[in-house]
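Order of listing sets the numbers, starting from 1, for every ligand and every atom in it.
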Amino acid sequence: MSADPFYNPVIPASVPDARLHDFNIYDYGGADPFEKIHEMHRASVPELFWTRNNGGHWIALGAKAIAEISADNTRFSSIRPIVPDSQNLAEPIFIPLTSDPPLHAGYRSVVAPLFMPKHIASLEEGLNSYADEVALRIKARGECEFMADVANEVPIVVFLKFLGLPIGDRWELLDLAATVVRPETGTHRDDPIKKLMDYLRPFLESRFANPGDDIISQIVRQKIDGAPLTPDIMIRLTMSILLGGLETTTSSLGFITRHLALHPDARRHLREHPETMRGAVEEFLRRFAPATTGRQVTADMEFRDVRMRKGEHIVWSTAMYNLDARQFAEPMKVDFSRKGNHSSFGIGIHFCLGAFLARMELGIFLRQWLAHIPNFHILPGSILRYRTGLTMSLVNLPLAIDAD
Ligand code: HEM
């Protein structure tokens, strides 16, 4: 475990000893993050505890606490959700994610048409042939470094197709996005954010000046509370959509593929029973939830027997909800027939706008991969490494493809 430069030894007087448990949400000490969360649940760490890491903040470990916080946008604000607080931007740029009611509904309604089933369904054919091409390419090579060769690339290509942007720009965009979504590196995020905005600006401004019949042109014509959209708001909304869908989907692809590499029975089952793919994708999303999120307390208050003070932060990994045995029995087991709503896409008004797209993307990818590559395994002797930040992900996944 590396030293935390933001460790704050000062414990607020309102935090009782029983609620103190140092845990760096950005550093799981090299362990599989889901195993680590499971271990915390089993060790009966309190459902709400204070850690001195990353400036000092609350962590919500219990499913009930996470659900209540997510549903209460009055007492828990999304405007500055990140720890340490210095990593939040002076102005909320990641809208609608970093906005509260009443503004949130206006922002969300503007981009909602992008996510309408009609638009998403129009991408299906292109995604199928792209996933087919990726699987065939890897099969021909006989092995791959899955994270670098596949999982990093798929979501950015999907995003560029989604908005009709040039596919050739994917690597440049990925580099910029990586810096923005990793506050744990301590790198200041203003510069890459500016560069991302500069990338999107000419594309969006041209749609403002000469609207066509594409989806972005339809969106730029919309209004919030009767006022026309400005290019700046549109750039922020588009950037949030880009960043929302990248590392999250990359991470899901990685953990799902790791599971399938280790479980030949699951691979066979999905090939022989394609009708179970939908339930399988949902269960994979539950078991390997990648996103970490948070809120800021808006007033001094008592919440689930804890005294919280205005300005304090509460952070949680969505996996903390999904791996709470009070919510899902045998939470570490992958069970394609499991019922119940997980929290991988969030809960409440900020529920992920890209959920439908992400589910489709994962389903298409898995179907094509298993059709071409029914058998594969992790290269013997490999040590898998994990990255934990706003998104928890595998860093490497070296695979060898077996003969059919
Ligand atoms: C497996 C993939 C994904 C996961 C696990 C995921 C997870 C999440 C979570 C947990 C939230 C809510 C955060 C909170 O309550 O603070 C969220 C919100 C959001 N996601 Fe996703 N996401 C995924 C894919 C995508 C994709 C593909 C897109 C867009 C193309 C996207 C766009 C968004 C947006 C715009 C929001 C903000 C919604 C709002 O504030 O109203 N996400 N996502």
Side-chain angles (χ1 to χ4, degrees), residues 60 66-73 76-83 88 92-116 119-120 123 127 151 154-163 165 177 181 215 219 236-256 281-296 313-322 341-366 390-393:
I66 293 171
E68 281 184 34
I69 296 164
S70 306
D72 186 343
N73 307 104
F76 301 104
S77 164
S78 286
I79 293 177
R80 294 178 72 82
I82 292 180
V83 291
N88 290 289
I93 283 185
F94 298 106
I95 48 177
L97 189 64
T98 56
S99 66
D100 289 333
L103 282 179
H104 171 265
Y107 294 144
R108 193 168 161 113
S109 69
V110 166
V111 278
L114 259 181
F115 296 94
M116 272 171 10
H119 179 57
I120 306 282
L123 301 170
L127 291 190
V154 171
I156 185 81
V157 169
V158 171
F159 169 80
L160 293 168
K161 283 178 186 281
F162 187 52
L163 292 191
L165 289 164
V181 294
I215 186 96
I219 288 177
R236 291 178 190 204
L237 287 165
T238 313
M239 191 172 61
S240 306
I241 292 168
L242 163 69
L243 297 172
L246 286 188
E247 296 222 338
T248 45
T249 321
T250 293
S251 162
S252 299
L253 285 168
F255 284 118
I256 295 172
V281 167
E282 220 48 50
E283 173 64 348
F284 285 138
L285 282 164
R286 180 199 69 83
R287 172 62 177 79
F288 304 113
T292 293
T293 188
R295 301 288 187 265
Q296 193 175 22
H313 287 271
I314 311 182
V315 174
W316 63 94
S317 154
T318 47
M320 291 174 170
Y321 178 101
N322 296 350
N341 293 332
H342 57 71
S343 82
S344 307
F345 289 122
I347 294 172
I349 63 165
H350 292 282
F351 183 82
C352 178
L353 269 167
F356 189 71
L357 174 63
R359 287 176 174 128
M360 182 174 93
E361 191 173 336
L362 294 172
I364 288 178
F365 173 81
L366 286 180
L390 288 184
T391 312
M392 312 196 295
S393 184

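Less than 4.0 angstrom separates some heavy atom of Phe115 from each of these atoms of ligand 1: 29 (C), 30 (C). Close contacts between ligand 1 and Thr249 involve ligand atoms 2 (C) [criterion: under 4.0 Å to a heavy atom]. Close contacts of ligand 1 with Leu357, meaning ligand atoms under 4.0 Å from a residue heavy atom, involve 30 (C). For ligand 1, the atoms lying closer than 4.0 Å to a non-hydrogen atom of Thr293 are 13 (C), 14 (C), 16 (O).
For the pair Ser343 and ligand 1, the shortest N or O to N or O distance does not fall below 3.5 Å. Taking distance alone, with nitrogen or oxygen atoms compared against 3.5 Å, His350 approaches ligand 1 more closely than that limit. At least one N or O atom of Arg295, backbone or side chain, sits closer than 3.5 Å to an N or O atom of ligand 1. At a 3.5 angstrom cut-off on N or O pairs, Arg108 counts as close to ligand 1.
Looking only at distances, a side-chain donor or acceptor of Asn88 sits under 3.5 Å from a matching main-chain atom of Ile82.
The shortest distance between side-chain heavy atoms of Thr250 and Pro155 falls below 4.5 Å. A heavy-atom distance below 4.5 Å is not found between the side chains of Pro290 and Ser393. The shortest distance between side-chain heavy atoms of Phe365 and Leu127 does not fall below 4.5 Å. Thr318 places none of its side-chain heavy atoms less than 4.5 Å from the side chain of Thr292. No side-chain heavy atom of Val158 sits under 4.5 Å from any side-chain heavy atom of Thr249. At least one side-chain heavy atom of Ile79 sits less than 4.5 Å from a side-chain heavy atom of Asp100. Contact of the Arg80 side chain with the His313 side chain is registered, since non-hydrogen atoms from C-beta on lie closer than 4.5 Å. Side-chain contact between Arg359 and Phe345 is present, with at least one heavy-atom pair separated by less than 4.5 Å.
Ranked by closest heavy atom to atom 43 (N) of ligand 1, the top entry among Gly354, Cys352, Gly346, Ser99 is Cys352. Residue Ile241 holds the heavy atom nearest to atom 29 (C) of ligand 1 of all those in Ile241, Ile95, Asp100. Of the listed residues (Ala355, Gly245, Ala112), the one carrying the non-hydrogen atom nearest atom 26 (C) of ligand 1 is Gly245.
Using modelled atom types and a 3.5 Å distance limit, the side chains of His350 and Ser70 yield no donor-acceptor pair.
For the pair Ile349 and ligand 1, a heavy-atom separation below 4.0 Å is found. Not a single heavy atom of Phe94 sits under 4.0 Å from any atom of ligand 1. Contact annotation: Pro290 has at least one heavy atom less than 4.0 Å from an atom of ligand 1. Under a 4.0 angstrom heavy-atom cut-off, Ser252 registers as being in contact with ligand 1. Ligand 1 has His104 within reach: a non-hydrogen atom of the residue lies less than 4.0 Å from it.
Nearest protein neighbour of atom 36 (C) of ligand 1, counting heavy atoms only, is Leu353 N, 4.1 Å. From the protein, the heavy atom lying nearest to atom 23 (C) of ligand 1 is Thr248 OG1, 3.5 Å. Regarding atom 6 (C) of ligand 1, its nearest protein heavy-atom neighbour is Phe345 CD2, 3.7 Å. Protein heavy atom closest to atom 5 (C) of ligand 1, with residue, atom name and distance, is Ser344 O, 3.5 Å. At the shortest separation from atom 13 (C) of ligand 1 among protein heavy atoms lies Leu97 CD1, 3.6 Å.
Scanning all heavy atoms of the two residues, the minimum distance from Asn322 to Ala289 falls at ND2-CB, 3.4 Å.
Ring planes of Phe162 and Phe115: tilted class, angle from 30 to 60°.
In Asp72, the CG atom is crowded: over 12 heavy atoms of neighbouring residues, nucleotides or ligands sit closer than 6.0 Å.
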